[in-house]
Amino acid sequence: MKCLVFILMAGCANRARMSGVVLDDQMYFDRMVPVEVTNAPNARTWVKLNKKQLKHVKPGDKVVFYVKTARVEYEAK
(Lines give C-alpha, C1' and ligand atoms only; values in the text may rest on other atoms or scores of the structure.)
Protein backbone atom coordinates (compact mmCIF):
# COMPACT_ATOMS: atom_id res chain seq x y z
CA MET A 1 0.00 0.00 0.00
CA LYS A 2 2.90 2.36 0.68
CA CYS A 3 4.19 1.89 -2.87
CA LEU A 4 0.82 2.72 -4.43
CA VAL A 5 1.37 6.47 -4.07
CA PHE A 6 4.77 6.26 -5.73
CA ILE A 7 3.42 4.15 -8.59
CA LEU A 8 0.64 6.68 -9.22
CA MET A 9 3.09 9.58 -9.08
CA ALA A 10 5.44 7.83 -11.51
CA GLY A 11 2.60 7.49 -14.00
CA CYS A 12 1.96 11.24 -13.92
CA ALA A 13 5.62 12.28 -13.99
CA ASN A 14 5.81 12.69 -17.76
CA ARG A 15 2.42 14.35 -18.25
CA ALA A 16 1.57 18.02 -18.10
CA ARG A 17 -1.92 19.24 -17.24
CA MET A 18 -3.27 21.86 -19.63
CA SER A 19 -6.58 23.69 -19.66
CA GLY A 20 -8.37 25.50 -22.43
CA VAL A 21 -11.60 26.78 -23.93
CA VAL A 22 -13.37 25.14 -26.87
CA LEU A 23 -13.47 27.51 -29.83
CA ASP A 24 -15.95 25.69 -32.05
CA ASP A 25 -18.44 22.88 -31.46
CA GLN A 26 -17.98 21.49 -34.95
CA MET A 27 -16.02 18.26 -35.09
CA TYR A 28 -13.35 18.29 -37.75
CA PHE A 29 -11.36 15.15 -38.45
CA ASP A 30 -11.42 12.09 -36.19
CA ARG A 31 -13.35 13.74 -33.28
CA MET A 32 -10.93 16.67 -32.96
CA VAL A 33 -12.09 20.13 -31.82
CA PRO A 34 -10.07 23.36 -31.72
CA VAL A 35 -9.10 24.59 -28.23
CA GLU A 36 -7.49 27.84 -27.10
CA VAL A 37 -5.05 26.99 -24.31
CA THR A 38 -5.51 29.22 -21.26
CA ASN A 39 -2.24 28.49 -19.46
CA ALA A 40 -0.09 29.27 -22.51
CA PRO A 41 -0.19 32.71 -24.17
CA ASN A 42 -1.58 32.83 -27.73
CA ALA A 43 -1.65 29.05 -28.03
CA ARG A 44 -4.21 26.92 -29.84
CA THR A 45 -4.32 23.19 -30.30
CA TRP A 46 -6.60 20.32 -31.25
CA VAL A 47 -8.07 18.01 -28.60
CA LYS A 48 -9.62 14.63 -29.30
CA LEU A 49 -12.94 14.06 -27.52
CA ASN A 50 -14.94 10.89 -27.09
CA LYS A 51 -18.47 10.49 -28.47
CA LYS A 52 -20.17 11.36 -25.18
CA GLN A 53 -18.12 14.56 -24.81
CA LEU A 54 -18.83 15.56 -28.41
CA LYS A 55 -22.61 15.38 -27.80
CA HIS A 56 -22.46 17.97 -25.02
CA VAL A 57 -19.62 20.28 -26.08
CA LYS A 58 -20.37 23.86 -27.09
CA PRO A 59 -18.17 26.91 -27.77
CA GLY A 60 -16.84 28.43 -24.57
CA ASP A 61 -16.75 25.17 -22.58
CA LYS A 62 -13.66 24.67 -20.46
CA VAL A 63 -11.64 21.51 -21.01
CA VAL A 64 -8.75 19.91 -19.14
CA PHE A 65 -6.36 17.69 -21.06
CA TYR A 66 -2.98 16.12 -20.50
CA VAL A 67 0.01 16.17 -22.82
CA LYS A 68 2.97 13.82 -22.74
CA THR A 69 6.30 15.46 -22.05
CA ALA A 70 9.50 13.95 -23.33
CA ARG A 71 11.79 16.02 -21.13
CA VAL A 72 11.20 19.02 -18.91
CA GLU A 73 13.88 21.67 -18.58
CA TYR A 74 13.63 24.44 -16.04
CA GLU A 75 14.98 27.91 -16.61
CA ALA A 76 18.09 28.55 -14.53
CA LYS A 77 17.88 31.62 -12.31
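Count residues from 1 along the sequence. These figures come from a predicted structure and were not determined experimentally.
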Quiz item: Do Val33 and Tyr66 sit in the same hydrophobic cluster, where Ile, Leu, Val, Met, Phe, Trp and Tyr count as joined when their side-chain heavy atoms come under 4.5 Å apart?
Solution: no
Quiz prompt | Residue pair Leu49 / Arg31: nearest heavy atoms and the distance that separates them | solution = O-NE, 2.9 Å
Quiz item: Name the one of Val47, Asp61, Val21, Leu23 that satisfies side chain to side chain contact (heavy atoms under 4.5 Å, CB included) with Val35?
Solution: Val47
Quiz prompt | Inter- and intrachain pairs under side-chain hydrogen bond (donor to acceptor under 3.5 Å, both in side chains), touching residues 37-52, at least two apart | solution = Ser19-Thr38, Asp30-Lys48
